[in-house]
Amino acid sequence: MDRKMVADNSYWIGYVDDRKVPFHRLILEKGTTYNSYFLDTEKPTIIDTVDISFGRSFVETLKEYIELERIQYIVINHVEPDHSGGLPALANKAKDAVIVTTELGAKELKEMYKLYNREFLIIKDEDTLDIGGKTLQFFETPYLHTEETMITYAVEDRALYSCDIFSTHIATEKLFNDLVKEDIIEDFKGYYSLIMHPHRPYVQDMIEKIRNIDIKTIAPSHGYILRDNPVKYIDIYDEMSKPKEDKKALILYSTMTGSTRKVANHISEELKEKNIETIVMNIKEDVDLGEVREKIKESDAIFFGSSTRYADMVGGIEKVLKMLKYMKLEEKIGVAFGSYGWSGEAIEIINDYLRNTDIKLVDSSYVIKFTGIDNLQFPLRVKFAPKKEKIEELKESARIVKDILVG
Ligand code: FEO
């Protein structure tokens, strides 16, 4: 058997999928690999598995390396089925193995694979685990690719098992970047743009965590294992994920009792905190439309807010919204918001106006598709004056808008 060694006593045990693989509304024309790793230590450890379609053959392959009952740890860096899909078949054979993952990862794996009676070891950022002859250190990397994700560093080997991060979608038997003659950068960057770029602030956080560790090999979950110049690939991520330029936000609102003003101010505070130059304007009946038009032209993100009175907007905000169809807004993003007492129709009417312009409308659908985050509601609806929990949610929403903005 041709064993592919990643480090001393550490082997690639994945699967090369040379089909045209459906993935995130695309077809991976060059296929992909699902990279799983076997660390043959005193406490034998598996890091990630393979796609759910190949779970059984994965277990058969692994039997050529070890009696499955001897496996003590199964590290799951990321729960998506192209990584954790072999877990049910493996856990069924490796009955005493402890599953090592983040708190959210454990919750999701239990649900996905009915693993309610398994022992889990819950990992927090920078925790370490002695696997007998090697030390593993874990770093939480939320949203790279989904919220529960972490990565695993084998300290003595200086090997970073980076999961989706630093991956490439390509079906290759060569596996190691130093064995490949062609330039892999285009495929590497293509993967980054598709999977990681929407989460670029988190990419920056991740780079800050790993900059201080000594990395000899990056062993990701898809495509090439990077043992020739791994730092070059970290630098590419760093460069591609850096905020590119200064952006400006404009928050326009009309208010009845002052609650919508409070919403506007909370959004503004958070944006300013994140270094977005932000202007807040109260739009009254006698609004100077010329002045507002100029401010909109200068801005990259515009929030439009109103209280709801008799199922309609208040103040002069509708005059502003009517003006938008005569403006070029395709490079800008728009968000509707407002405070209300009963149904909050004004917020939805604002959304309708924005939908009829060429502005990029940030609604819940857009946020899910852009970031994968599904627990925030856009447009921003606040019942009465915003209270503590709602203020936190508004701030989180403002951060999302900022992330979209600096892309
Ligand atoms: Fe490779 Fe997030 O899946």
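Counting starts at 1 for both ligands and their atoms, in listed order. The analysis underlying the following values was restricted to heavy atoms, covering all of them including side chains, and did not include hydrogens, waters or symmetry mates.
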Sequence neighbours left out, what pairs pass side-chain hydrogen bond (donor to acceptor under 3.5 Å, both in side chains) with at least one residue falling in residues 313-329?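 Passing the test, one end in residues 313-329: Glu285-Lys319, Glu318-Tyr353, Lys328-Glu330.
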
Near atom 2 (Fe) of ligand 1 (under 2.8 Å) - protein N, O or S atoms: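 You should have found His78 NE2, Glu80 OE1, His145 ND1, Asp164 OD2.
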
Taking atom types as modelled, find out whether His222 and Thr33 have a side-chain donor-acceptor pair closer than 3.5 angstrom.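 On atom types as modelled, these side chains do not qualify, holding no pair under 3.5 Å.
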
For Asn77 and Thr152, which I'm curious about, is there any donor-acceptor pair between the side chains at under 3.5 Å? yes

Check for me whether the distance between the ring centres of His197 and Tyr192 falls short of 6.0 Å. yes

Ring center gap for Phe370 and Tyr366 short of 6.0 angstrom: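 For Phe370 and Tyr366, the ring centres are under 6.0 Å apart.
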
Show your working on ring-ring contact (aromatic ring centres under 6.0 Å, His included) between Phe337 and Phe304 and close with a plain yes or no. CA-CA 6 Å; Phe337 72 97; Phe304 300 86; 8.8 Å; no

